[in-house]
Amino acid sequence: MGKRDKQIVGQRLLAAFRDAGAAEIAPDILLPAESLLDLYGEDIRARAYVTADPIRGEMMLRPDFTVPVVQAHMENGAEPARYCYLGEVFRKQDMGDTRPANPRDNEYLQAGFELFSRDPDADAELFALFHGLVAPYGLTAHMGDMGLLLDAVAGLPLTQDRADALSHHIWRPGRFDRLLARFSSPTPMRQFHDTDSAWAGMRTQDEMTRRIARLQADAAVAPLPAVWTERLTRLFDLRAPAQQALPALHELAADMPAIAPAVARIATRMQAIADRGIDLEGIIFDASHGRTTLEYYDGFTFSFVADRDGWPAIASGGRYDALTRVLGKGREIPAVGGIIRPGLIAELEACA
């Protein structure tokens with residue numbers, strides 16, 4: 001698939017985003033690395049191309065558009081605001097990539113739309129826009145809500161340190177599961193002795209003493225009751241057509257009151273999507289959707305996928321309110337956005 005074909009599709013998508021009220025924005029390809037790397041999740045941080053500039057310091061090739069768009073908006077943008085863009089992003093391959101031999105995993109075209117708005121229907125507006133753009137390609141729509149999972153973890157009867165640890169690793173399912181198993185089992189009480197050998201290494205005696213105190217305090221914490229592990233597992237495993245998922249979510253909320261507000265938001269969002277003429281039976285609600293994507297998503301997430309073995313999502317996005325708080329320097333605004341990969345659309349069109 002040639003670059004010209006991808007650009008043609010990209011320009012078509014960009015025009016559709018402009019027609020939806022978005023102003024075009026073009027963040028630099030080379031971005032300051034120091035502050036941005038702290039804002040990306042572990043996956044992109046490990047895959048960003050970073051270089052040292054003798055004048056500008058550490059720089060990186062643009063791995064994503066959302067963070068620089070949010071930075072630009074929070075500096076001088078009015079609200080509500082809609083932005084669109086088209087350009088290359090750059091990410092290193094790793095052994096976990098679905099198509100490691102394909103160079104587009106290193107550099108590929110993205111067309112995107114970001115919506116900064118306090119309108120409660122903003123999620124539905126964005127989803128409907130993307131749904132309409134990809135409708136001709138027979139894709140399967142998936143949605144989830146990271147806020148649902150974060151609220152579920154925050155509502156567990158755990159110490160704050162343990163709840164924070166689980167929340168930190170919620171985007172890394174393997175580590176999360178290992179931590180949950182550990183917190184659900186009695187912790188063996190280790191014995192520590194004040195000997196010279198205990199202070200070997202780079203830590204000072206005071207640092208080691210504090211570390212030992214934390215370990216001993218954690219070991220004394222009672223394990224998480226099995227009923228909570230079972231409820232959390234039921235929630236994380238929930239996957240069904242959207243309308244059918246709602247009764248299961250309400251049932252879980254009866255046992256996990258902390259998720260009740262999130263379930264109400266999800267029900268309202270689904271109704272707003274249905275009111276735009278979209279059949280909910282054609283959307284898969286996956287409670288764990290978003291757990292292996294960008295870590296700044298903290299609410300609604302969605303993706304559209306093709307029935308092609310090994311293909312990444314054709315389109316994806318989500319809500320990232322917390323990111324605006326981090327970059328807003330005292331101001332914040334709810335925000336949601338998404339991207340479409342024109343190269344994949346061009347491939348689908350070529351095969352039609």
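In this structure, the side chain of Arg331 engages the main chain of Met74 through a donor-acceptor pair within 3.5 Å. Side chain of Arg325 to main chain of Glu332: no donor-acceptor pair is present (N/O by atom type, distance under 3.5 Å, no hydrogens or angles). Of the possible donor and acceptor atoms, none in the side chain of Arg118 sits under 3.5 Å from a partner among the backbone N and O of Pro334. Under the 3.5 Å distance criterion, the side-chain polar atoms of Arg231 are left unmatched by any main-chain donor or acceptor of Leu252. A donor-acceptor contact shorter than 3.5 Å links the side chain of Arg172 to the backbone of His168.
Nearest approach of Pro342 to Ala111, heavy atoms of both residues: CD-N, 3.9 Å. A pairwise comparison of heavy atoms in Leu149 and Ser288 identifies CD1-CA, 4.1 Å as the closest pair. Residues Asp5 and Ala346 share a closest heavy-atom pair of O-CB, 4.2 Å. Minimum heavy-atom separation, Arg234 to Glu251: NH2-OE2, 3.9 Å. Taking all atoms of both residues into account, the shortest heavy-atom contact from Gly144 to Arg269 is O-NH1, 4.3 Å. Across all their heavy atoms, Ala335 and Asp321 have their closest contact at N-OD1, 2.9 Å.
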Intermediate values then yes/no, side-chain hydrogen bond (donor to acceptor under 3.5 Å, both in side chains), Glu107 and Tyr49: CA-CA 11 Å; Glu107 174 186 349; Tyr49 286 97; over 6 Å; no
Candidate pair Phe176 and Phe236, rule ring pair (Phe, Tyr, Trp, His ring centres under 6.0 Å), full reasoning: CA-CA 12 Å; Phe176 182 93; Phe236 279 45; 5.3 Å; yes
From CA spacing to verdict: side-chain contact (heavy atoms from CB on, under 4.5 Å), Gln11, Leu14: CA-CA 5 Å; Gln11 290 296 332; Leu14 195 64; 3.9 Å; yes
side-chain contact (heavy atoms from CB on, under 4.5 Å) assessment of Asp145 paired with Arg319: CA-CA 9 Å; Asp145 194 310; Arg319 176 161 290 279; over 6 Å; no
side-chain contact (heavy atoms from CB on, under 4.5 Å) assessment of Ile314 paired with Leu348: CA-CA 10 Å; Ile314 307 295; Leu348 291 175; 4.2 Å; yes
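Rounded to the nearest 0.5 Å, atoms CG (Leu235) and CG (Asp151) are 10.0 Å apart. Atom CZ of Phe127 and atom CD1 of Ile283 lie 4.0 Å apart (nearest 0.5 Å). One finds the CZ atom of Arg341 at 10.0 Å from the CG atom of Leu109 (value rounded to the nearest 0.5 Å). Between atom CD1 of residue Ile259 and atom NE2 of residue His250 there is a gap of 10.0 Å, rounded to the nearest 0.5 Å. Note that the OG atom of Ser117 and the CG atom of Leu126 stand 11.0 Å from one another [nearest 0.5 Å]. The NE2 atom of His169 sits 13.0 Å away from atom CG of Leu180, with the distance rounded to the nearest 0.5 Å.
Ser316 places a side-chain heavy atom less than 4.5 Å from the side chain of Ile339. Contact of the Asp28 side chain with the Pro68 side chain is not registered, since no non-hydrogen atoms from C-beta on lie closer than 4.5 Å. Side-chain contact check for Thr301 versus His142: every heavy-atom pair is 4.5 Å or farther apart. Annotation: side chain of Leu246 is not in contact with side chain of Leu280 (no heavy-atom distance under 4.5 Å). Side-chain contact check for Leu249 versus Leu238: some heavy-atom pair is nearer than 4.5 Å.
Cluster partners of Ile55, using a side-chain heavy-atom cutoff of under 4.5 Å among ILVMFWY residues and allowing indirect links: none.
Remark: Arg82 pairs with Glu125 by the salt bridge (Lys or Arg N to Asp or Glu O under 4.0 Å) rule, at least two apart or across chains.
Taking the six-membered ring for Trp and thresholds of 30 and 60 degrees, Tyr296 and Tyr320 have ring planes more than 60 degrees apart, a perpendicular arrangement.
Aromatic rings of Tyr297 and Phe302 (six-membered ring for Trp) have centroids beyond the 6.0 Å cut-off, not under it. In this structure, Tyr85 has its ring center no closer than 6.0 Å to that of Phe17.
Crowding of Asp237 atom CG: a count of heavy atoms from other residues, nucleotides or ligands under 6.0 Å exceeding 12.
Between Arg265 and Asp123 there is no salt bridge, since none of the side-chain N atoms of the basic residue sits less than 4.0 Å from a carboxylate O of the acidic one.
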